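One structure is given below, encoded as structure tokens.
The structure presented is a predicted model; accordingly, all values stated were derived computationally and were not measured. Ligands are counted one by one from 1 in listed order, and the atoms in each one are counted from 1 as well.
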Amino acid sequence: MFYHLLYPLSQDVGLLNIFRYITFRSFVAFLAATLISIWWGKHFINFMKRKQFGQVVRDDGPESHLKKAGTPTMGGVFILGSIFAAILISGNFFSIPLLVTIGVTLSYFILGFLDDYLKVLKKNTDGISAKGKLLWQFVTAFAASFVLVHFNVIDTALYVPFVKGPLLDLGIFFHFFAALVIVGSSNAVNLTDGLDGLAIGPIITSAASLGLMTYVAGHREISGYLFVPYVESVGELTIFAAAIIGAGVGFLWYNSYPAQIFMGDVGSLSLGGTLGTIAVLTKNEVLFVIIGGVFVTEAISVILQVASYKTRKKRIFKMAPIHHHFELMGWPEPKVIVRFWIISIFLAIFAVATLKMR
Ligand code: 57M
């Protein structure tokens with residue numbers, strides 16, 4: 001809004017020229033998202049408590065989780081609400097990358113909201129069927145990929161870390177690849193969201209790392225200097241990433257152990273989809289496996305556990321996803337959480353460092 005309303009006035013009021021800069025608008029988005037989410041979070045938690053809309057906890061999980069029953073959930077409502085408010089304040093809505101990323105985020109937000117609504121408010125613990133969720137996610141991801149390629153925002157080439165230029169052109173298969181990244185990221189974040197603050201920590205580090213990638217990819221000179229593919233107006237996603245960090249910090253204010261609220265599928269599915277979409281838009285799908293390494297490890301632990309149990313009737317981990325395995329090994333919940341945060345910080349820093357290793 002400020003960009004569209006105030007920047008044009010910069011002819012007369014020179015100071016308003018500052019709204020031209022992505023760095024300034026990203027700082028405004030970060031600050032706005034942080035303040036809005038801290039303020040909104042307090043009221044949302046009280047509302048969910050008054051309505052007694054609390055988490056239903058399955059009894060087949062770790063013993064320590066049973067006391068979490070009734071904790072308010074669906075915190076993703078105010079996380080994404082704060083993000084969208086911050087983007088409304090700072091974003092340039094003439095950017096196709098921004099509009100497409102908002103579209104994917106909104107679609108997954110609605111999916112997660114409906115799933116949580118059925119589980120938490122309607123006490124129908126199953127929510128939307130797994131097949132129904134996957135169909136919704138893939139249709140959204142395919143649509144986003146086709147729009148981006150159709151409008152020549154991105155090409156269908158595959159880029160990998162440490163290699164200058166495209167590795168190969170995926171052609172029509174790029175849409176399946178891009179959809180797999182977006183849907184996989186959404187579900188991996190969803191699986192990770194099983195301990196207080198465990199998902200939002202790596203979401204913040206991933207948004208910081210990807211946010212830097214969007215700034216570089218959207219800048220003609222810097223992208224050329226670093227041999228990074230230039231993507232027109234993808235720099236507007238730096239504002240989106242800054243808003244995610246701000247709203248994430250605001251959410252963590254309440255979700256830190258012992259959590260006063262969980263983000264719900266409305267938060268994990270949408271934020272995971274957003275990160276995957278940003279990775280596709282900056283041609284960093286493979287690097288995102290490193291950036292989101294905690295999410296990838298959690299998802300792989302489930303795949304391995306289910307495959308092992310189905311083929312050998314034996315478990316590899318005490319319980320999957322892997323955060324439960326460490327809990328059952330006797331690690332206190334806060335220790336599992338902070339150690340996963342430390343790993344995600346290192347992965348994000350390493351991913352940024354690869355920009356110079358091409
Ligand atoms: C998403 N949801 C948490 C909360 C959060 C195939 C199988 C691996 C699926 C998986 C599953 O059900 N995943 C669903 C994880 C749940 O959190 C809610 O869900 C939202 C995220 N989608 O926002 O609303 C529980 O997680 C805990 N929690 C916190 N703090 C937080 O900040 O403590 C969440 C956020 C909450 C709360 O207890 O109730 C979840 O764990 O369900 N299934 C599992 O993850 C189960 N694993 C399992 O069955 N493993 C099997 C096989 C299938 C691999 C095995 O190892 O043999 C575990 N989860 C549960 N019970 N609930 C263990 C059993």
Using a threshold of 4.0 angstrom between heavy atoms of the protein and any atom of ligand 1, which residues qualify?
Gln55, Val57, Arg58, Asp60, Gly61, His65, Lys68, Thr73, Asn190, Leu191, Asp193, Gly194, Leu195, Asp196, Gly197, Asn255, Phe262, Met263, Gly264, Asp265, Ser268, Val302, Gln305, Val306, Arg315, Met319, Ala320, Pro321, His324
I'd like to know if the side chain of Ser268 pairs up with that of Asn190 as donor and acceptor (distance under 3.5 Å, no hydrogens or angles considered).
yes
Ring pair (Phe, Tyr, Trp, His ring centres under 6.0 Å) with Phe78: of Phe47, Trp39, Phe44, Phe84, only one passes, and it is Phe44
Test of understanding: with salt bridge (charged side-chain N to carboxylate O under 4.0 Å, His left out), list the residues that count as partners of Lys133, not counting sequence neighbours.
Asp115, Asp265
Of all pairs that satisfy side chain to side chain donor-acceptor pair (under 3.5 Å), the ones with a partner from residues 288-308, not counting sequence neighbours:
Glu298-His323, Ser308-Arg312
Would Lys283 and Tyr159 count as a cation-pi pair here, with the cationic atom under 6.0 angstrom from the ring centre and within 45° of the axis?
no
Under 3.5 Å, side-chain donor or acceptor atoms of residues 349-358 against the rest of the protein: list the pairs with distances, not counting sequence neighbours.
from	atom 1	to	atom 2	distance (Å)
Thr354	OG1	Ala351	O	2.5
Lys356	NZ	Tyr225	OH	3.0

